[in-house]
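In what follows, chains carry the letters A, B, and so on, assigned in the order in which the sequence lines appear, proteins first and then strands, with residues in each chain numbered from 1. Model, not experiment: these values are computed from the prediction.
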Amino acid sequence: MSTVDFIGRRRLQRRELLRLMAAAASTGAAASLLGPDEGAFAREAAEQITLVVEALAGGVNVMWVTDAAAWNKTQAARTGIRLSVRTPGGEENDYKVLFPHIAASSAAPDMCWYWFGGSAFYGQMVKAGLFLPLDDLYQQEGWTHVLPAAAVSGYVSPDGHRYGVIDNIVWYPQIYYRKDAFKKAGVKAPPSDQPYFDSEAEFLDAIERLQHAGYETLSIGGVTTFMLAHVQDVLLQRMVPEAVVKNLRENWQPSVPMTYKYTDPRWLAVDKKMVEWKDKGVFATGFMGRDETRAMQLFATGKAAMFTDGSWASGKGMLGGFATNLDYGWMLYPRMTPAIEPKFLIYMGNAEEILAHGKHVAAAKTVLAWHMSRERQTALAQTGILVPARLDIPASAMKGLGPVGFDMWRRLGSVGSAIGWDDPVPTQLGQLNYTLLSQLMSGSIPPEQVGAQLQSTLEQIRGGQ
Amino acid sequence: MIPLLRRIWRYRLAYLFVLPAVVLVLIFIGYPVVDSVIVSLTRWDGIGKASFVGLDNYRKLLADAPNLLNTLWITIEFTVVATGGSAILGFFLAVAIAERVKGWQFFRIAFFIPILLPLTVVGILWGLLLDPTNGVVNMAISALGLPAPLWLASTSLALWTIVGVSIWQYTGFPMIVFLAAIEDIPLELYEAARIDGAGGWQRLWAITWPLVRPVALVLVMLQIIFGLRTFDIAWAMTEGGPGTATTLLAVKLYQTAFLYSNFGYASTIAVFMIVFIGSIACLYLTLVRPAMQEL
């Protein structure tokens, strides 16, 4: 190659390069003018919108992904609305604390799944005007008549509006047990019509037998602090009269008299019982270093005889999904005192909301009405993903929950249910309780200090701080 | 003022080159710092409107001194051991690789790979390995007939477990830096020392260490700064628990802001962290400056 050729080719290459750069720049400019979403659907932009729903990973996400597929197949062409599900990263606790900031930002979705209640940030989000009032949908769709009365009345915010609607219910915490482990240890599981040991002594006897048979006992994720709080909640229901729990659940409001305090011996007795159980080996070795998933793995791999978690654990997102060969049953926590009947603890805070500053509010209402319809909720129940909150779903549809899920569901009525303390209390109290329980169960602080710190925070909340 | 402007004009091209970096620093460091100071003077839940509370958050910080000191102590323990551990191990690995020990190519890559792993992967990986019952580590220990430790569940062990994982993950960084510095040392120095009868250890302490010391001093300072603001590894593995055993300063900041929804007080902790880390860095530089000037 001569020098002239080389220079000529270089010039040509440079010219080509410039041309290419110009083409790339104009393509980029055109793409940015169109916007990230519209670019892909430029032809349809005039008549179609994309509605974004943000839903926590797990059962809720599977539910929305299923819904989105159904909607896009059957409704998108007719309505001009396409449904897209956005899945946040991280765990449940991350979503709980980070989503409020996403909702307040320019990256907010049109709709979301977010907890109604105290230990999440629903109240603050309503106060900040992030959610759209749904009163018109409640009336138009007749939700007040088909949803549990407690959820319908509980969802009224202090300003008299409803900003969320419950679409599924969960109950917590149950004990899932391996049938092979119980058989090997000679433990007889409680009967289905009274699904709990009739005394703490019977429960502790089962624990001892399982230990002797070489099993880790009750697997729980101590790193996932809400799991500890759920055990505390279930012991509260079984050890403390409902009048006391109710007052402690509600007395953060200045209008409710502070009849009971967190320094009350009855509250402290629950925390003491948790420590006592830990010392007696009720919980699996090293539980304070495990999260929910690893606690479940310990159970699924056959090392632990029991696993404690909510009703969602039997669903397809957890035990029902990956442990297909696992032969397991369920029971409730034992009776702790003869005077108090053990009950399911029901949580009715799994709610859907529409973002007030979303781009497509009217479309979001259309989709939410469809999602909450009897037909759609029945279809979702049949897939076994979650338990619909609607009371008019045929029982046959619930068989989709699988044998364990269905059995728990059909016992709800006969065993009865109660509301826990953990979820209705304000964020500051609920989150502080998580931290304190972690300290309590790791032996860093005594129950009295837990009570004193909760009481001090309660008084600050009542004082408007 | 005029001489300054004249100077700027004289070196305008140099200032022009520096300008983009200055603008970026102002946007991504200057603005957040100033904003943190402003937010620290407010009561704000991160969602609604903030209200000005003056120095209330700083008073609260002082009142919370015992807890804060505990967190600070945990952070210092973590930083000192993790920094020291990774720097010392990194140095010896670099020396071994520079000496071309058998399989040095493998070690050079193997010890660097952990840095490339995302923190969540590291957290899950070590969480599984260190599980008291199901983990490979404890299975091996139990097979030897030794008692299996509760690596992440024990308040006395969790911090040191995280320190160990941190050393495992970050040793590759000092290793590569030391290796580059060692490979810059003229071979003639080693040959002369060898002719004079110096052994391996003597060559290490008389030639290698003095010549890589400036690199080590800078490296340690960077590692200290990284250590003091560590959040990810502690959060990914234990979320600050059990109890408060692994609650580092940055974990406490996150918990205060996001879990307790108290961004005002969290910003006060952030301001405290900036002052504290800045002071440590200044103190360190003051202490090591004579040593650096000697070289």
Item checked: ring pair (Phe, Tyr, Trp, His ring centres under 6.0 Å) partners of A:Y215, counting only residues at least two apart -> none

Margin query: Tell me which of these, B:G48, B:G241, B:G127, has more heavy-atom pairs under 4.5 Å with chain A than the rest.
Written below: B:G127

Next item on the list: Taking the six-membered ring for Trp and the single ring otherwise, decide whether the centroids of B:F272 and B:Y58 are under 6.0 Å apart.
Entry: no

Notebook entry, point to check: Looking at B:D131 and A:K303, does any basic side-chain N land under 4.0 Å from a carboxylate oxygen?
Noted result: no

Next item on the list: Under 4.5 Å heavy-atom distance to chain B, tell me which part of A:L130 shows up: side chain, backbone, both or neither.
Entry: side chain

Next item on the list: Might you confirm whether atom CZ of B:F52 has over 12 heavy atoms from other residues, nucleotides or ligands at distances under 6.0 Å?
Entry: yes

Next item on the list: Measure A:K127 against the heavy atoms of chain B and call it side chain, backbone, both or neither at under 4.5 Å.
Entry: neither

Checklist line | Pair B:W160 + B:W151: ring centers closer than 6.0 Å | finding: no

Item checked: Qualifying residues under ring pair (Phe, Tyr, Trp, His ring centres under 6.0 Å), relative to A:W421, sequence neighbours excluded -> A:Y262, A:W267

Notebook entry, point to check: Is it the side chain or the backbone of B:L128 that comes within 4.5 Å of chain A heavy atoms, both, or neither?
Noted result: both

Margin query: Less than 4.5 Å to any heavy atom of chain A: does that hold for the side chain of B:T238, its backbone, both, or neither?
Written below: backbone

Checklist line | A:Y177 and A:F307 aromatic centres sub-6.0 Å | finding: no

Item checked: Choice from B:L259, B:L152, B:D45 maximising heavy atom contacts with chain A below 4.5 Å -> B:L259

Check: Is any residue of residues 277-290 of chain A within less than 4.5 Å of chain B by heavy atoms, and which ones?
Finding: A:T285, A:G286, A:M288, A:G289, A:R290

Item checked: Residues in ring pair (Phe, Tyr, Trp, His ring centres under 6.0 Å) contact with B:F231, at least two apart in sequence or another chain -> B:W235, B:Y254

Next item on the list: Measure the acute angle between the ring planes of A:Y122 and A:F131, then classify it against the limits of 30° and 60° as parallel, tilted or perpendicular.
Entry: tilted

